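First, the structure itself, so that you have it in front of you.
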Amino acid sequence: MKNEKILTCDVSKKCGGCQYQGTPYQEQLKTKQKNVEKLLKGFGKVEPVAGMENPYYYRNKVHAVFGRERNGKIISGTYQANTHKIVNIDNCLIEDQKSGEIIRTIRDLLKSFKIKTYDEDTRYGLLRHVLVRRGFVSGQIMVVLVLSCPILPSKNNFVKALRKVHPEITTVVLNVNDKKTNMILGDRDIVLYGKGYIEDTLCGCTFRISPRSFYQVNPVQTEVLYGKAIEYAELSGKEKVIDAYCGIGTIGLIASKKAKEVIGVELNPNAIRDAKINAKQNNITNVQFYQADAGEFMVSLARQGVSADVVFMDPPRAGSDEAFLSSVVKLAPEKVVYVSCNPETLARDLKYLTGHGYQVKKMQPVDMFCFTQHVECVTLLQKSNRKCKPDSYVKLSLDMEDYYRIKDAEGDVKIE
Ligand code: SAH
């Protein structure tokens with residue numbers, strides 16, 4: 001990207017989601033490389049970060065919180081950093097543009113449908129958030145309207161009016177969130193239009209994504225990331241593979257084509273339901289998915305004396321835990337491929353694994369979150385013959401600021 005034209009955002013200071021707003025992309029990559037190296041260089045060589053050709057408008061999941069200004073004007077966007085004040089956003093430089101348009105259309109429709117936005121303080125009003133997810137390959141679009149109660153007046157006409165402007169919307173879901181909570185989505189979904197989920201294609205497999213399942217937010221870089229993870233595993237077709245923290249089964253299903261069998265484990269029941277359907281739809285029969293805490297599940301596998309050749313692990317930002325890591329050591333797979341969205345917790349977990357008979361072979365950062373400070377990293381660990389050095393697991397206290405932001409790297413949805 002020579003002579004890069006830098007697009008600028010008017011609200012970046014207030015929003016705070018893009019820490020590298022205004023910084024040339026190549027410079028962002030250099031900074032990320034430096035930061036990752038600082039944390040990981042003790043484990044070996046860090047490959048140069050894989051960046052994007054076009055670092056703008058990459059997010060396939062767009063969230064907007066709705067509210068009103070004092071003068072009554074309806075606004076939608078994000079929370080101002082560390083507050084519950086809403087910053088109105090009309091053009092976010094990292095979010096899918098079509099999804100942004102849909103959110104603005106919803107904002108414009110509210111008045112004529114007499115739909116009130118929800119007020120967190122008084123707990124009065126109906127529309128809290130809108131979430132739009134778009135399958136970049138399939139073109140399918142899901143709109144999730146998060147309401148404080150299950151009744152949307154004139155819901156059919158509302159959907160009709162929305163689809164008149166955006167016929168490309170393939171499904172509309174009403175999600176009920178009636179709690180005083182910092183989570184965006186509540187636990188009830190009512191399908192108003194279409195199938196209630198979208199599908200998308202990654203690395204030759206098709207995936208169903210429902211409103212509450214995790215799906216990587218940068219589809220272009222996800223293929224780079226998964227490609228690296230599969231390459232690192234060097235599967236020959238004979239291996240028994242574990243895909244831990246598997247979400248909707250993406251890594252395990254892609255790996256299954258080159259492995260003997262795959263076991264996937266994930267905590268979120270919605271994601272596991274999607275994963276099982278995804279296996280069927282892709283005619284994959286050598287994968288089993290289990291809904292469980294990954295740590296507890298691995299402990300029980302280790303107790304049963306199960307063996308594995310390769311363990312893929314892709315935990316959330318908080319990283320893994322001692323139950324999980326100590327069971328990995330007991331199962332003693334030849335390779336562990338660790339996909340991490342937080343180099344700090346990765347460093348902590350690598351310290352444990354390298355202290356218990358594993359050696360870091362390769363580390364590849366991938367820029368999944370351009371303009372933000374976050375960076376993803378794939379690490380290959382191999383069982384070594386060195387004697388294990390006993391090393392206790394150190395719990396790292398994460399910077400709570402990370403949990404504070406609504407635009408978390410994982411698209412996580414917590415706010416304090
Ligand atoms: N590998 C998947 C998902 C990665 S995100 C992908 O690439 O899409 C991390 C996943 O870990 C999320 O789906 C989250 O629901 C799950 N998770 C979080 N804590 C967990 C735990 N204790 N046990 C199992 N899964 C967990």
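In this text, all values refer to a predicted model and were calculated from it rather than measured experimentally. Start at 1 and go down the list; that is how both ligands and their atoms are numbered.
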Could you tell me the separation between the CE atom of Met298 and the NZ atom of Lys330, rounded to the nearest 0.5 Å?
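It comes to 10.5 Å.
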Spacing of OG1 belonging to Thr354 relative to CD belonging to Gln359, to within rounding of 0.5 Å
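Result: 9.5 Å between the selected atoms.
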If I apply the N/O under 3.5 Å rule, does Ala294 come out as touching ligand 1?
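Yes - when backbone and side-chain N and O of Ala294 are compared with those of ligand 1, one distance drops under 3.5 Å.
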Output the list of atoms in ligand 1 that are nearer than 4.0 Å to some heavy atom of Tyr226, sorted by atom number.
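What qualifies from ligand 1 is 6 (C), 7 (O), 8 (O).
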Is the contact between Ser213 and ligand 1 made by the side chain, the backbone, both, or neither, using heavy atoms and a 4.0 Å cut-off?
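Neither part.
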Does Gly295 have a heavy atom less than 4.0 Å from any atom of ligand 1?
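No heavy atom of Gly295 comes that close to ligand 1.
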Taking both backbone and side-chain atoms of Leu267, is any N or O found less than 3.5 Å from an N or O belonging to ligand 1?
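In this structure, Leu267 places an N or O atom under 3.5 Å from an N or O of ligand 1.
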Which is it for Ala292 and ligand 1 at heavy atoms under 4.0 Å: side chain, backbone, both or neither?
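Ala292 to ligand 1: backbone contact only, side chain stays beyond 4.0 Å.
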When you measure from the heavy atoms of Ala271 to every atom of ligand 1, does any distance fall below 4.0 Å?
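For ligand 1, residue contact (heavy atoms, under 4.0 Å) with Ala271 is absent.
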Report yes if the side chains of Asn175 and Arg188 come closer than 4.5 Å at any heavy-atom pair, otherwise no.
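A side-chain contact is absent here, since even the closest heavy-atom pair is not under 4.5 Å.
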Could you go step by step and tell me if Tyr290 and Phe297 meet the ring pair (Phe, Tyr, Trp, His ring centres under 6.0 Å) rule?
CA-CA 9 Å; Tyr290 297 91; Phe297 183 79; 5.2 Å; yes
So between Ile248, Val339, Asp314, whose heavy atom ends up nearest atom 9 (C) of ligand 1?
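Nearest heavy atom to atom 9 (C) of ligand 1 lies in Asp314.
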Out of curiosity, is Thr250 lining ligand 1, as in a heavy atom under 4.0 Å away?
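Contact present.
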Between Glu47 and Lys362, does at least one N-O distance fall below 4.0 Å, as a salt bridge requires?
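No, no charged N to carboxylate O under 4.0 Å.
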Classify the angle between the aromatic ring planes of Phe324 and Tyr245 as parallel (below 30°), tilted (30 to 60°) or perpendicular (above 60°).
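Geometry flag for Tyr245 against Phe324: tilted rings.
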Atom pair CD/CD of Glu266 and Gln291 - distance to nearest 0.5 Å
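It is 8.0 Å, given to the nearest 0.5 Å.
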